[in-house]
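Because only heavy atoms are used, hydrogens play no part in the values below, and waters and symmetry mates are left out as well, while side chains stay in. For reference, positions follow the sequence shown, starting with 1.
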Amino acid sequence: MASDRLQRRCRRLAALAVALILAGCEVGPDYERPTAEAPVAYKEAAYKEIGDWKPSAPSDLLNRGPWWSIYNDPLLDQLERQIDISNQNLKAAEAAYREARAIVAEARAGLFPTLSVDASAQRSGQGAGSGSSGTASRGRVQNQFSATASASWELDVWGRIRRTVESDVASAQASAADLAAARLSAQALLAADYLELRVADELKQLLDDSTAAFLRALQITENRYNGGIAGRSDVASARAQYEGTRAQAINVGVQRAAFEHAIAVLIGRPPAELTVAEAKFVAVVPVTPPGLPSTLLERRPDIAGAERRVAAANAQIGVAVAAYYPTLTLTASYGVVSSAIDTLFRAANGVWAVGPQLAQTVFDAGLRSAQVDAARAFYDQNVANYRQTVLTAFQQVEDQLAALRILEQQAEVQNAAVVAAQEAEALIFNQYTAGTVAYTNVITAQTVALGDRQNALNILQNRLVASVTLLQALGGGWDAAQLPSDAQVKDGDAPAMRTSDAKTP
């Protein structure tokens with residue numbers, strides 16, 4: 001009988017709870033993406049219009065596969081694919097995303113009732129003492145057994161829990177964007193290190209070739225000295241040029257080793273386990289068309305992450321506003337109590353309780369108002385950070401476009417200087433062997449020619465790094481559509497966010 005009455009009361013309370021939830025609202029502002037100023041066109045596009053600079057137009061990155069494939073280097077491709085497998089910074093970012101997703105699950109748990117079960121057995125007694133007539137009384141001993149099931153459900157009438165979930169989902173999406181940004185940063189750093197290593201190989205080859213040429217010049221000078229045609233100073237100058245260039249060639253190994261070690265760490269290996277063999281490098285500097293500035297807002301993971309943090313902060317305003325309203329909690333319990341365990345579960349021993357609980361803070365000395373103000377200020381802070389991230393993104397693209405344009409012009413002039421210096425070196429050396437000029441002229445011409453060729457390699461290195469940085473600034477083929485949706489965050493269905501623990505074959 002009591003059980004039937006409990007069931008009827010529970011059904012009525014459940015119906016009331018559903019009605020309250022359906023009629024409930026989510027207090028606080030609904031999210032609207034903040035505006036961010038985007039130019040109509042990049043400043044560097046004007047140089048293309050007047051014919052000052054015409055960047056190469058490779059095939060669309062998305063059609064060619066990973067963005068680094070634009071460099072057409074199989075070893076670079078192999079190294080880049082190991083970043084997801086072993087890069088520890090990337091694993092840390094992936095773990096942060098999983099943590100954010102777990103926080104979403106924690107918040108969603110608040111939307112459902114909490115059920116608990118409790119059982120206890122207690123034996124108590126009263127010590128022996130003297131009765132009123134002076135006779136001794138025997139102590140009493142009692143047993144009590146109980147088993148209780150209880151439920152508690154805070155109804156989200158004002159949307160506090162739903163706003164919390166909304167904020168946590170947006171934060172998890174921001175964490176996913178951080179993971180994508182970390183991946184892109186590691187990929188770009190590896191590509192830059194690899195290309196600079198290859199330029200170091202080219203520099204080593206240049207210095208080795210120059211050393212061989214200077215050795216031949218030294219031998220010719222020694223022959224002229226032995227024949228009484230040249231002075232001892234010519235031999236000393238030729239030897240100094242030869243040995244100095246040999247020293248430069250050896251020194252390149254320091255820089256190359258540092259690049260090789262950096263690559264090893266980026267793919268999660270100890271430097272001792274990676275050796276990148278020297279190879280001939282095809283020096284092609286691709287320049288990626290930047291597209292419309294407005295598309296950059298959807299192509300940068302850092303912009304997407306900043307925007308999602310704005311959404312999370314906006315939802316937190318609703319959480320703070322909800323504190324102004326009362327909380328409604330439904331509680332119910334049913335249990336049995338008996339002094340004997342064998343009669344514990346008889347119907348006569350049943351006890352139950354059910355009812356709502358309404359709680360409202362009457363006075364808090366301005367606490368809730370301060371919390372709402374803090375939430376709004378935090379939202380404004382994130383809006384400003386988002387807009388600053390957008391501005392910085394446009395700056396980075398413009399910087400690299402300008403660098404590529406100017407460096408391409410510099411490379412053309414420098415290449416002309418290299419040709420002229422090599423011609424001058426050959427002519428002056430011929431004049432020296434004919435006895436018409438001093439050997440100091442040869443040393444000067446050799447130094448200028450070698451310096452110009454080294455400058456040309458430095459410019460090539462700067463152009464290659466600028467091309468990598470431009471690809472990174474453009475998002476590396478990433479798109480905001482790759483962020484996990486609300487449902488994917490809540491259900492954990494985002495396999496692309498994971499890195500792998502598998503070993504590289």
Side-chain angles (χ1 to χ4, degrees), residues 6-33 99-117 149-175 308-334 352-364 366-379 382 484-494:
L6 176 61
Q7 291 178 5
R8 288 196 295 270
R9 287 175 181 267
C10 288
R11 283 196 294 267
R12 286 196 293 269
L13 286 173
L16 174 62
V18 172
L20 287 172
I21 292 174
L22 292 176
C25 61
E26 294 182 22
V27 296
D30 291 330
Y31 177 67
E32 293 183 7
R33 181 169 182 161
E99 179 186 13
R101 203 176 61 201
I103 292 174
V104 173
E106 290 179 14
R108 291 184 70 202
L111 293 170
F112 302 93
T114 300
L115 304 176
S116 61
V117 177
S150 60
S152 176
W153 189 10
E154 179 184 340
L155 301 182
D156 193 28
V157 179
W158 314 112
R160 180 186 66 82
I161 299 175
R162 281 169 286 168
R163 287 297 193 193
T164 301
V165 172
E166 179 184 339
S167 176
D168 290 341
V169 167
S171 295
Q173 291 170 328
S175 184
R308 288 288 80 201
R309 288 184 174 87
V310 175
N314 181 81
Q316 283 299 320
I317 298 175
V319 174
V321 171
Y324 279 109
Y325 299 91
T327 59
L328 178 61
T329 305
L330 300 181
T331 60
S333 65
Y334 181 81
W352 57 270
V354 63
Q357 178 184 351
L358 193 66
Q360 170 69 56
T361 301
V362 178
F363 176 75
D364 62 5
L367 173 63
R368 287 170 294 177
S369 177
Q371 289 173 336
V372 172
D373 290 343
R376 293 189 185 278
F378 185 64
Y379 169 80
N382 279 276
S485 65
D486 291 8
Q488 287 177 319
V489 170
K490 294 174 182 177
D491 300 336
D493 183 21

- Query: Looking at side-chain heavy atoms only, is the closest gap between Thr331 and Val354 below 4.5 Å?
  - Reply: no
- Does the pair Glu154 and Thr327 meet the rule for a side chain to side chain contact (heavy atoms under 4.5 Å, CB included), with working shown? CA-CA 7 Å; Glu154 179 184 340; Thr327 59; 4.0 Å; yes
- Task: State, to 0.1 Å, how close Lys490 and Val169 come at their nearest heavy-atom pair, and which atoms those are.
- Result: CE-CG2, 3.9 Å
- Message: With a 4.0 Å cut-off on N to O distance, would you call Arg163 and Asp156 a salt bridge?
- Response: no
- Message: Quick check for you: to the nearest 0.5 Å, what is the distance between Asp373 atom CG and Phe378 atom CZ?
- Response: 15.0 Å
- How close do Gly110 and Ile161 get, heavy atom to heavy atom, and via which atoms? O-CD1, 3.1 Å
- Just checking, any donor-acceptor pair under 3.5 angstrom between side chains of Ser152 and Thr114? no
- Task: Going by the side-chain hydrogen bond (donor to acceptor under 3.5 Å, both in side chains) test, name the single residue among Gln488, Arg101, Arg308 that passes it with Gln173.
- Result: Arg308
- Message: Applying side chain to side chain contact (heavy atoms under 4.5 Å, CB included) to Arg160 and Glu26, what does each step give before you reach the verdict?
- Response: CA-CA 7 Å; Arg160 180 186 66 82; Glu26 294 182 22; over 6 Å; no
- Tyr334/Trp352 aromatic ring centres below 6.0 Å: no
- Can you name the closest pair of heavy atoms from Trp158 and Pro326 and give their distance? NE1-O, 2.8 Å
- Within a strict 4.5 Å, meaning less than it, do heavy atoms of the Leu328 and Pro356 side chains meet? yes
- Message: As an exercise, state the distance from CD of Gln357 to OG1 of Thr329, rounded to the nearest 0.5 Å.
- Response: 5.5 Å
- Determine which pairs satisfy salt bridge (Lys or Arg N to Asp or Glu O under 4.0 Å) with at least one residue from residues 309-332, sequence neighbours left out, and list them in order. Asp178-Arg309
- Message: Minimum heavy-atom separation for Val104 and Ala172, please, with both atom names.
- Response: CG2-CB, 4.2 Å
- Working to the nearest 0.5 Å, report the span between OG of Ser171 and CD1 of Ile103. 8.0 Å
- Message: I need the minimum non-hydrogen distance between Tyr324 and Ser369, along with the two atoms involved.
- Response: OH-CA, 3.1 Å
- Message: For a 4.5 angstrom cut-off between non-hydrogen side-chain atoms, does Val372 reach Arg368?
- Response: no
- Task: Sorted by first residue and then second, give each side-chain hydrogen bond (donor to acceptor under 3.5 Å, both in side chains) pair with at least one member in residues 312-322; sequence neighbours left out.
- Result: Ser167-Gln316
- Does OH belonging to Tyr31 count more than 12 external heavy atoms closer than 6.0 Å? yes
- Item | Side-chain touch Tyr379/Val310, heavy atoms, less than 4.5 angstrom | yes
- Go through Asp364 and Thr361 one step at a time and tell me if the side chain to side chain contact (heavy atoms under 4.5 Å, CB included) criterion holds. CA-CA 7 Å; Asp364 62 5; Thr361 301; 4.0 Å; yes
- Taking every heavy atom of Pro29 against every heavy atom of Ile317, the minimum-distance pair comes out as CD-CG2, 3.6 Å
- Message: Heavy-atom count check: over 12 atoms from other residues, nucleotides or ligands less than 6.0 Å from Glu32 CD?
- Response: no
